[in-house]
There are 2 protein chains.
Amino acid sequence: MRSIRHRVEVLKAMAHPVRVQILEELLKGVKCVSDFEEFLEISQPNVSQHLSLLRRFGVIDYYMDGRLRCYFLKDPIVPDLITLIKKDYIKELPAPACCPVTKKGKYPRERRR
Amino acid sequence: MRSIRHRVEVLKAMAHPVRVQILEELLKGVKCVSDFEEFLEISQPNVSQHLSLLRRFGVIDYYMDGRLRCYFLKDPIVPDLITLIKKDYIKELPAPACCPVTKKGKYPRERRR
DNA sequence: TCTATATATGCAAATATTATTATATTTGCA
DNA sequence: TGCAAATATAATAATATTTGCATATATAGA
């Protein structure tokens with residue numbers, strides 16, 4: 001199983017709007033750096049930095065094609081994560097049954113000290 | 001639907017080892033601050049700070065029980081996200097079919113310029 | 001009313017993240 | 001061999017996050 005540390009790294013890798021866009025794009029297929037430049041409104045070095053972070057975290061990888069670097073998805077959690085963050089949740093989780101909202105409530109299990 | 005921006009914020013809220021642990025614990029049920037102190041190796045003010053961040057992002061909420069604050073999960077994406085990051089993926093995504101690894105490869109689609 | 005308990009808040013220091021700019025590296029091709 | 005394209009790296013600056021510490025607030029109970 002993924003360690004806590006690794007789980008957090010994947011979340012961190014995705015916790016940036018530009019990187020989510022990069023990953024969504026990679027979901028469609030292999031892309032090289034200049035492809036990203038076309039639709040991300042950021043500088044080339046910045047694209048490279050985000051890509052290299054994603055690679056450091058093991059989320060993506062690339063292969064060389066002449067002077068292009070062709071990036072592709074590597075971590076299998078990515079497609080699932082993208083599906084999840086796009087999912088439409090209708091409502092909040094149900095408040096715990098006990099929840100009194102007033103200040104008189106009782107903690108749902110025995111307190112421990 | 002929640003905006004991508006909001007979703008990224010939730011990911012950011014979760015992208016910290018302490019907060020992942022807090023959320024995993026909340027998945028089991030309502031907990032008050034001192035419950036967290038028992039297994040997180042951080043100070044009480046720090047626990048409170050993480051909790052208040054999670055609340056600011058709409059991920060959790062609490063109700064009062066005397067002088068206890070009983071925290072619970074609110075954003076329905078959380079259980080799904082936690083399940084996902086704990087999931088055990090056997091292998092990496094298949095490398096793109098074209099991938100030559102050598103430096104002779106051709107970009108899988110027509111290059112655009 | 002006084003005290004102890006549970007928790008939050010404010011602020012500063014340490015650290016991390018992001019974007020920017022300048023420069024370097026690699027490779028294809030003339 | 002030399003130049004331009006594609007991309008990376010490094011240094012910096014701006015900003016955000018995280019933590020520790022001191023202190024504040026609220027409430028239950030004596």
Side-chain angles (χ1 to χ4, degrees), chain A residues 5 8-22 26 30-57 59-72 100-107 110-113, chain B residues 5 8-22 26 30-38 40-57 59-72 100-107 111-113:
Chain A
R5 203 157 301 277
V8 169
E9 282 196 341
V10 175
L11 291 175
K12 232 190 243 176
M14 291 203 49
H16 189 291
V18 164
R19 293 195 294 268
V20 169
Q21 280 182 278
I22 287 176
L26 285 181
V30 177
K31 289 277 180 305
C32 71
V33 180
S34 46
D35 291 332
F36 293 117
E37 282 182 79
E38 284 176 21
F39 70 96
L40 296 172
E41 316 242 287
I42 62 179
S43 67
Q44 173 272 314
N46 201 2
V47 174
S48 272
Q49 282 169 340
H50 284 296
L51 288 170
S52 96
L53 180 151
L54 288 170
R55 183 156 175 277
R56 240 191 351 273
F57 284 155
V59 174
I60 66 178
D61 204 356
Y62 65 83
Y63 63 90
M64 300 296 298
D65 175 6
R67 52 194 155 179
L68 306 178
R69 288 206 185 180
C70 302
Y71 283 90
F72 56 89
V101 180
T102 78
K103 305 186 177 181
K104 303 275 175 57
K106 282 285 159 286
Y107 192 72
E110 222 52 79
R111 300 276 7 270
R112 280 190 292 237
R113 57 179 182 191
Chain B
R5 205 155 298 279
V8 169
E9 286 200 333
V10 172
L11 292 177
K12 223 190 253 179
M14 291 195 52
H16 187 291
V18 165
R19 293 196 293 267
V20 168
Q21 282 180 278
I22 287 176
L26 284 181
V30 178
K31 290 277 179 306
C32 70
V33 180
S34 47
D35 292 331
F36 294 117
E37 280 182 80
E38 284 175 22
L40 295 172
E41 316 242 286
I42 61 179
S43 67
Q44 174 272 313
N46 201 1
V47 174
S48 273
Q49 283 163 340
H50 284 297
L51 288 169
S52 95
L53 181 153
L54 287 170
R55 182 155 175 277
R56 245 195 340 279
F57 282 122
V59 175
I60 65 178
D61 203 357
Y62 64 85
Y63 61 90
M64 300 296 298
D65 176 7
R67 52 193 156 181
L68 307 178
R69 287 206 185 181
C70 302
Y71 283 89
F72 56 88
V101 179
T102 77
K103 305 186 176 181
K104 303 272 174 60
K106 284 283 159 290
Y107 192 71
R111 300 274 10 270
R112 279 190 292 238
R113 56 175 183 194

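Computed from a predicted structure; not experimentally measured. The sequence lines fix the lettering, A, B, ..., with proteins before strands; numbering per chain opens at 1.
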Quiz item: Within this structure, what is the CG-to-P distance between A:Leu54 and C:dT18, rounded to whole angstrom?
Solution: 10 Å

Quiz prompt | Under 3.5 Å on both distances, the Watson-Crick or G-U partner of C:dG28 | solution = D:dC3

Quiz item: With respect to the phosphate group of D:dA8, does any side-chain polar atom (N or O) of A:Tyr71 fall under 4.0 Å of OP1 or OP2?
Solution: yes

Quiz item: Reckon B:Ser34 has a side-chain N or O less than 4.0 Å from the OP1 or OP2 of C:dT7?
Solution: yes

Quiz prompt | Any B:His50 side-chain N or O less than 4.0 Å from OP1/OP2 of D:dT19 | solution = yes

Quiz item: Which whole-number value in Å describes the distance from B:Glu37 CD to D:dG20 P?
Solution: 13 Å

Practice problem: Please state whether the base of D:dA6 and the side chain of A:Gln44 form at least one donor-acceptor pair under 3.5 Å? | Solution: no

Self-check item: Length of the line joining B:Leu68:CG and D:dA28:C1', which is rounded to integer Å
Solution: 10 Å

Quiz prompt | Atom-pair distance (CG on B:Asn46; C1' on C:dT15), nearest Å | solution = 14 Å

Self-check item: Sugar-phosphate only, base, or nothing, as touched by B:Arg55 at under 4.0 Å among non-hydrogen atoms
Solution: nothing

Exercise. Write down the atom of B:Asp65, the atom of B:Cys70, and the distance for their closest heavy-atom approach.
Key: CB-SG, 3.7 Å

Exercise. Check whether any side-chain nitrogen or oxygen of B:His16 sits under 4.0 Å from OP1 or OP2 of D:dT19, and answer yes or no.
Key: yes

Quiz item: Just how far, in rounded Å, is C1' of C:dG28 from CG of A:Asp65?
Solution: 11 Å

Quiz prompt | Atom-pair distance (CD on A:Glu41; C1' on C:dT18), nearest Å | solution = 17 Å

Quiz prompt | Below 4.0 Å: OP1/OP2 of D:dA8 and any side-chain N or O of A:Arg69 | solution = yes

Quiz item: Which of these passes side chain to side chain contact (heavy atoms under 4.5 Å, CB included) with A:Leu54: A:Ile60, A:Asp61, A:Leu26?
Solution: A:Ile60

Quiz item: In whole angstroms, how far is the P atom of C:dA19 from the CD1 atom of A:Ile42?
Solution: 6 Å

Practice problem: State, to 0.1 Å, how close A:Val20 and A:Met14 come at their nearest heavy-atom pair, and which atoms those are. | Solution: CG2-O, 3.1 Å

Quiz item: Reckon A:Ser48 has a side-chain N or O less than 4.0 Å from the OP1 or OP2 of D:dT9?
Solution: no

Quiz prompt | Sugar-phosphate, base or nothing in reach of A:Leu51, heavy atoms under 4.0 Å | solution = nothing

Exercise. Respond yes when some side-chain nitrogen or oxygen of B:Arg67 is under 4.0 Å from OP1 or OP2 of D:dG29, and no when none is.
Key: no

Quiz item: For the side chain of B:Gln49 and the base of C:dG10, is some donor closer than 3.5 Å to an acceptor across the two?
Solution: yes

Self-check item: Nearest atoms (heavy-atom pairs only) where B:Ala13 meets B:Arg19
Solution: O-NE, 2.6 Å

Quiz item: Can you tell me how far the CZ atom of A:Phe36 sits from the CD1 atom of A:Ile42, to the nearest 0.5 Å?
Solution: 10.0 Å

Practice problem: Would you check if there is a donor-acceptor pair between the side chains of B:Gln44 and B:Ser48 at a distance under 3.5 Å? | Solution: yes

Quiz item: Just to confirm, is there a sub-4.0 Å distance from OP1 or OP2 of C:dT17 to any side-chain nitrogen or oxygen of A:Lys12?
Solution: yes

Quiz item: Between B:Pro45 and A:Arg19, which has a closest nucleotide on DNA chain C that is more 5'?
Solution: B:Pro45

Practice problem: To the nearest Å, give me how far apart CE (B:Met64) and P (D:dA28) are. | Solution: 8 Å

